[in-house]
Amino acid sequence: MTTSSPGKGLQPKIRSINVEANLLAQWLETRQERSRSIRHWSIAGFGLLALIMVIFPPLIVQERGAVAALSQAQSVLQGVEKGLAEYRQEHEAIQPALKAQQRLVETRANTLNYLAQITQILNSAPAGVEFGTVKAALLSGELSLQVQAEAKDSGLAAQFVEQASQGEGMLSALQTSSQASQTLGARGVAFEFVKKVRL
């Protein structure tokens, strides 16, 4: 030890060496902590990289499979849409023919009903009743039949009206006029009968 002035205490140089040694020890400790931290982060990074390498290849394969399935589904959908468009075109093309066929079926049914009603009127006449005129008018599905006839007597006229008033789809049936007529005999009558039927 050296002293530089009397009265002052001794100042050892060891102290400055200890400070440098402490700084060096602290620096070494910090360096070791950083090395450990770098090693931990490196291990974690390599582990993450290994995990990515394990997970991503199957995901890429799944993605490719999903893309292929999506592409196949889109092509199937396009085929279905094309078929649907063709069906709609065919459907629209045959609509006029279907409507014409439907009108034809309805017209045939109405014609048969029309003829059945006229036949029923004609078959309702008992012996002793003769027709003057039979008129038929069809309007909006309603058939109107007007009969002018002569009978040998009023009883035969009433019998005709009763039988002619029968049938399906009746809206109304009535004798609209009656007057004496000797065309078929001394007690003869001329009458008018009107019947309305829904076809």
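If you read the sequence from its start, that first residue is 1, and numbering goes on from there.
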What I'd like to find out is whether the side chain of [X] reaches to under 4.5 Å of the side chain of [Y], using heavy atoms alone.
{"X": "I121", "Y": "K195", "value": "yes"}
{"X": "V197", "Y": "E142", "value": "no"}
{"X": "L145", "Y": "I118", "value": "yes"}
{"X": "Q179", "Y": "V189", "value": "no"}
{"X": "T111", "Y": "N113", "value": "no"}
{"X": "F191", "Y": "V129", "value": "yes"}
{"X": "K196", "Y": "L143", "value": "no"}

Evaluate whether atom [atom1] of [X] has more than 12 neighbouring non-hydrogen atoms of other residues, nucleotides or ligands under 6.0 angstrom away.
{"X": "E63", "atom1": "CD", "value": "no"}
{"X": "L139", "atom1": "CG", "value": "no"}
{"X": "E130", "atom1": "CD", "value": "no"}
{"X": "E33", "atom1": "CD", "value": "yes"}

State the [atom1]-[atom2] distance between [X] and [Y], to the nearest 0.5 angstrom.
{"X": "E81", "Y": "Q74", "atom1": "CD", "atom2": "CD", "value": "10.0 Å"}
{"X": "L98", "Y": "R103", "atom1": "CG", "atom2": "CZ", "value": "10.5 Å"}
{"X": "Q95", "Y": "E92", "atom1": "CD", "atom2": "CD", "value": "8.0 Å"}
{"X": "R198", "Y": "L171", "atom1": "CZ", "atom2": "CG", "value": "5.5 Å"}
{"X": "E86", "Y": "H91", "atom1": "CD", "atom2": "NE2", "value": "15.5 Å"}
{"X": "F46", "Y": "M53", "atom1": "CZ", "atom2": "CE", "value": "11.5 Å"}

### Task
Specify the closest pair of heavy atoms between E150 and L184, including all atoms of both residues, with the distance to one decimal.
O-CD1, 3.5 Å
### Task
Indicate the atoms forming the closest heavy-atom contact of A173 with S165, along with that distance.
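The pair with the smallest heavy-atom distance is CB-OG, 3.4 Å.
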Would a distance-only check, ignoring hydrogens and angles, find a side-chain to backbone donor-acceptor pair under 3.5 Å from [X] to [Y]?
{"X": "S42", "Y": "I38", "value": "yes"}
{"X": "Q120", "Y": "L115", "value": "no"}
{"X": "S35", "Y": "R31", "value": "yes"}

With a 4.5 Å cut-off on side-chain heavy-atom distances among I, L, V, M, F, W and Y, is there a chain of contacts connecting [X] to [Y]?
{"X": "L48", "Y": "I55", "result": "yes"}
{"X": "M170", "Y": "V134", "result": "no"}
{"X": "L122", "Y": "V194", "result": "no"}

### Parallel, tilted or perpendicular, as decided by the 30° and 60° cut-offs, for the rings of F160 and F193
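Perpendicular: the ring planes of F193 and F160 meet at over 60°.
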### Task
State, without any angle test, whether S177 and E192 hold a side-chain donor-acceptor pair at a distance under 3.5 Å.
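No, no side-chain donor-acceptor pair sits under 3.5 Å.
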